[in-house]
Structures are given as structure tokens and as C-alpha cells.
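Report on one structure; see the data block that follows.
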Protein chains: 2
Amino acid sequence: MAEPKTASPPVSETEGSAADRAYAATKDAIIRGELESGALLSEAVIAGELGISRTPVHEAFLRLAAEGLLILASRRGAVVRPLSPSEADDVLEMREAIEASCAARVIAGDRVAEVLPELKALLAEQQAAVDSDDLDRFIDADDRLHAAVIAAARNPVASQFAGLLRDRQHRMRNLLIRVKSGQMAAALKDHTKLVRAIEKRDAAAYAETLRTHVNRNRGVL
Amino acid sequence: MAEPKTASPPVSETEGSAADRAYAATKDAIIRGELESGALLSEAVIAGELGISRTPVHEAFLRLAAEGLLILASRRGAVVRPLSPSEADDVLEMREAIEASCAARVIAGDRVAEVLPELKALLAEQQAAVDSDDLDRFIDADDRLHAAVIAAARNPVASQFAGLLRDRQHRMRNLLIRVKSGQMAAALKDHTKLVRAIEKRDAAAYAETLRTHVNRNRGVL
DNA sequence: GCGCGCAAGCTTGCATGCAAGGCGTAGAGT
DNA sequence: ACTCTACGCCTTGCATGCAAGCTTGCGCGC
């Protein structure tokens, strides 16, 4: 799950098992939008491109289907799952629910102090991104901020779910509309309020702010 | 291995693909506790029991590992994931977060009327289970009640996540401690309050009641 | 007796072969 | 001209073979 910040290097991945490489390569192609929605792709093609056999590609496709990125049509092929606006809502809603729950646990578990420095550093990073009008940098920091809150809850199930949602959200971001630069300032303001809510140990305020924050993103899509 | 299926009397599963059968059979064995925590199992064994080859079993193991029921040790085998109390907390916490979110959506989306009959029927079913002191029946109705709320939200992502959590929760129920009969009455009371909260379109009350309800279960484990 | 190395036996990971199923198209029949 | 059928190509699903890795236990040297 820990990918380099600049996640678009050449395709000459030589680490990990063949199945992992097939999984990572295909997922990346889907998320980046290289493979369009509805595209019909076959195991043999991917296998050929990666220089491996169909077996690990088959396993990769199964994983991707389980994660909602592919739809497997038995003996016909695999189609890249088209994403609908309602799906975007669904994903965002789950992210909101999970993150709010995690924030509440961090606050209830009295672990605010140990995450606050990281959160504030990420806020500063986002401010820098806004100042330099660097959208990619902003989005990266955005991801890391939300991920930090979830990680702080130390709930592996939550982290796993959030990871799945994050992938799908990335795909939506890349495929539908890239957030306009003007949105950055508003998002940063939301984030500042979120961190302040954590600092004040106010789980309800966090949840409420998160709700408006997510709704703002929802409108963008 | 291409001999008549003389060795498949116990498992009468004839539907679905071989991979699905391997998945269902293994998952069921894990959830029911037939396979103990920490048990080391190999693909070849399962394949032999089901009369299929290792390939579909391998795929099944991958799915089960992704769902947190197995841990794959490369070239050593697959161990049934031991469950810890903290994992139980994690699972319950996520269930709570997801269900509360779904209830809120049902209420906000003004779909209360269309689920209320089903919920009330399930309450009646639970009452009957309490009267006849039928724990299995109660648990089944319990599952269906919570599932009904989530299904009513019509969020496929939520349903998928809830399904994964339900499996793990079933396993915990079967492995750790079976809820005592005395708990049924309290649980039913909680459920009644939950349904009433939905009826009153009070999402906050639902969330709060759900919190105490889950915490009650948490104490049992 | 004790420690060390090596090999055998298990495991999975992947490649490949084969069969079954879906889909399009061409061709025959009306 | 239109429809129905059958064939061929495409796909996946599964079985099997082979290689590589980890563990373990046995034998050998000390």
C-alpha cells in the first residue's frame, strides 16, 4: 500500500510476485484512467505485456473485481467498471463514516497528542501547496492527512477499508473532474477545522465538519 | 485425478465454479470453527477433499486472505487467522460506523416508510425467538435486521463492507463465546429502540442507541 | 554427547495444455 | 431480402507439470 509519491514510474517493476505486478500494473492503469471505463481487456493481453503467463493475471483480475474496479464476465472478458455518480456518493459516504469513527476513537482513546504534530505538519504542507498552486502536491497531502487520522485509530479493518476507498476515489478524481485550484483554499480551511476539532477533542465537531467537507467534494463531482 | 467423483459424498455442493465451492467450503469451515485458529492448511489437502485441483483452491485462499480470514505464508502454507479481542473491537466499531451512516442516509433520503414494515416484522420475529428461547433464530433475525437497515441505504459499497464484517463477526460469535440467552432480551430492547429511532427519523438517536448496543456486545466478547 | 550441514519432503508460484462456453459472422434455406 | 443455423475465433476455468523456497530431521564430524 505504501507507494512512492510520484507513482508513475516506468513499467519495469521487477519486485514482488508476478501476480502482484499484474495487480499493481492493472490497478494503476485503471486508476490513472489509462484504461477507460467499459474497456474490455483479456488476461492474455496483460500477460503478454508483462511477460508472464495468464495465471497470475487471472488472480490479479479476481482481486480487482473484488475491489470493485473490474467486472468479470465469465468466459467473455473483464470490463473496466464504469463509475457512476451514485458510486462516487457511496464511496464518499463510506469514507466519511469510517473517518469520523476513527477520529472519535482517537479522541476517546486519548491519542490526540501523538498525531497532532503530524496533522499540523500536513496542514503546513497543504498551505505550501496552495501557495505554490501545486494541485498534485495538495492532493497528496490531502490523502496523507485523512490517512493519518485513520491510521491513528489503529484499526486495521478501518485502514484496509479506507485503502480500498482511497483507490476508488483516486480513480474518480482522475476520470471525472480534477478539482479546480480554487477548491484548494476551501479544502484547506476544512482541514484546518478538522485538525482543530481533534485538538479540542471534539468528535462531534469533527464529524460535522467532515460531513460538510465531503459534501463539498461531492458537489465537484 | 481424472477419476469418477467417488470421493464427494460429504460435500454435495454442485453449484458454482470450483473456485467458488472451494471458497465457500473453506470460509464456512473457518467461520463455523471447524478449522481452529492457527491451523495450518495446504491447498492440496482442500483440493483433494473437494475433488478439484489446486488452482481454484489457490484462488479461494487469496480471497479469504483478502477478507482477513486467512494469512498466507509464502511457500509455507496458509494459517487460519487467529482472532484477537482487539480485532473484535475493530470489527464491531466498523459495523457501528457503517450502519449508523446507512441509517442516516435512509432517514435523510426519506425512505423510512419502505423499510419500516420489514424492520417491525423482524422485531416480531425476534420477540418470538425470545419467547421460545431459540438463540439461533434470534441471531438470524438479528443479522437480518441490521442487514435490512444497511440494504435500505442502497449503498453497494456499504453492503459489501457490511457483508465482510458480518462473516468475521459470525466467526467471533462461534469461536469466542455464544451470547447467553439472557442477553437476548436486552438486545431486543435495543433493537426496538433502533427501529423507533428510524421511525422518528432521528438519526442521532439511532447512532447513540447503536453505540450502546454494540458496546453491550463488546462486553460479551 | 553435541553441534553443524545437507538433503529430502513439504509447501506455494507460475507456466502451459486442454476443454467448455459465448459471440459474431458467413452461408444456406425460405 | 430475411431468418435461422452452424462454424470458427475468442474468451475464461481448470488440471497438471515444473521449479523454487522454507522447514525439518538425519547423518556426520568433533
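The chains referred to below are lettered A, B, ... by the order of the sequence lines, with proteins before strands, and numbering in each begins at 1.
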(request) Using only side-chain N and O atoms of A:S53, determine if any of them is under 4.0 Å from OP1 or OP2 of C:dA15. (result) yes
(request) If a protein heavy atom is under 4.0 Å from the base, mark B; if only from the sugar-phosphate, S; if neither, -; do that for nucleotides 7-13 of chain D going 5' to 3'. (result) ----BBB
I need the [atom1]-[atom2] distance between [X] and [N], as an integer number of Å.
X: B:L40; N: C:dC10; atom1: CG; atom2: C1'; value: 10 Å
X: B:I71; N: C:dT12; atom1: CD1; atom2: P; value: 15 Å
X: B:R21; N: D:dC14; atom1: CZ; atom2: C1'; value: 11 Å

(request) Please determine, by modelled atom types, if A:H213 and A:E96 share a side-chain donor-acceptor pair under 3.5 angstrom. (result)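 There is no such pair (donor and acceptor under 3.5 Å, judged by atom type) between the side chains of A:H213 and A:E96.
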(message) Looking only at side-chain N and O atoms, does B:D20 offer a donor or acceptor that is under 3.5 Å from a partner on B:S17?
(response)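 Distance-only check passes for B:S17 and B:D20.
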(request) May I ask you to test the A:L123-A:L145 pair for a side-chain heavy-atom distance under 4.5 Å? (result)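 The answer is yes, as the side chains (C-beta and beyond) meet within the 4.5 Å cut-off.
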(request) Would you give the length of the straight line joining atom CD of A:E34 to atom OG1 of A:T26, rounded to the nearest 0.5 angstrom? (result) 10.0 Å
(request) Mind jotting down which residue pairs meet the side chain to side chain donor-acceptor pair (under 3.5 Å) criterion with at least one end in residues 67-82 of chain B? Sequence neighbours excluded, please. (result)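 Only B:Y23-B:E67, B:R81-B:E87 qualify under side chain to side chain donor-acceptor pair (under 3.5 Å).
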(request) For the pair B:D143 and B:R166, find out whether any cationic side-chain nitrogen is under 4.0 Å from an anionic carboxylate oxygen. (result)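 Between B:R166 and B:D143 there is no salt bridge, as every charged N stays at least 4.0 Å from the carboxylate O atoms.
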